[in-house]
Amino acid sequence: MRHPEEYVEDVLSCVEQVPPGRVTTYGAIAEAVGRYGPRRVGNVMAGHGAAVAWWRVVRADGSLPPSHDGEARQAYLEEGTALRPSGRVDLEVAFFQPAPPGPPAMIRG
DNA sequence: GTTATGACTATGG
DNA sequence: GCCATAGCCATAA
């Protein structure tokens with residue numbers, strides 16, 4: 001497990017990769033960092049989420065984060081995120097898979 | 001070591 | 001679509 005900071009940095013890095021108008025899921029981040037599981041991602045967000053665009057992180061079914069779902073809704077309106085009539089995000093068009101922050105983005109070429 | 005909890009996910013009714 | 005259950009990993013008491 002190394003120090004918690006390292007895991008935090010990786011998780012936050014993935015969230016920062018999510019461009020405006022897009023969202024990602026806890027599972028996607030957990031898969032990108034390849035450590036622990038989605039619950040650990042949520043735990044990090046609870047402690048350091050204030051340092052990133054936490055509203056761009058939603059549940060696997062597109063439902064908004066329970067801490068400040070109202071705040072997130074406002075952010076989606078400004079970013080133009082694909083919001084479904086049910087109040088959830090349309091992952092079909094807004095889902096964004098962040099890349100693992102470990103290796104460099106440019107492999108070759 | 002066990003029990004309880006958490007910004008989760010998948011399955012079944 | 002909503003509720004309940006099982007699985008997951010780490011932290012705290």
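We use all heavy atoms of the structure for the numbers below, so side chains are in, but hydrogens, waters and symmetry mates are not. We name chains A, B, ... by the order of the sequence lines, and we start the count at 1 in each one.
- In terms of phosphate contacts, Arg35(A) brings no side-chain nitrogen or oxygen within less than 4.0 Å of OP1 or OP2 of dA10(C).
- Across the protein-nucleic acid pair, Asn43(A) atom CG and dT9(B) atom P stand 14 Å apart, rounded to whole Å.
- Under the 3.5 Å distance criterion, the side-chain polar atoms of Thr25(A) are left unmatched by any main-chain donor or acceptor of Val58(A).
- In this structure, Glu71(A) contributes its side chain and Trp55(A) its backbone to no donor-acceptor pair below 3.5 Å.
- If you measure from atom CG of Asp61(A) to atom P of dT11(B), you get 13 Å, rounded to the nearest angstrom.
- For the pair Glu31(A) CD and dA10(B) P, the interatomic distance rounds to 10 Å; values are reported in whole Å.
- Nearest to the side chain of Thr25(A), among dT9(B), dA7(B), dC8(C), sits dT9(B).
- Stem analysis of DNA chain C (at least three stacked-register Watson-Crick or G-U pairs, each with both distances under 3.5 Å) gives B:2-6 with C:9-13, B:8-13 with C:2-7.
- Atom-to-atom, OH of Tyr7(A) to C1' of dA7(B) comes out at 12 Å; the value is rounded to the nearest Å.
- Comparing dA7(B) with dA13(C), their C1' atoms sit 22 Å apart, to the nearest whole Å.
- Checking dA7(B), dG1(C), dA10(B) against every side-chain atom of Ala60(A), the shortest atom distance belongs to dA10(B).
- Residue Ile29(A) forms a side chain to side chain contact (heavy atoms under 4.5 Å, CB included) with just one option from Val44(A), Val18(A), Val41(A), Leu12(A), and that option is Val41(A).
- Rounded to an integer number of Å, the gap from Arg59(A) CZ to dT9(B) C1' is 9 Å.
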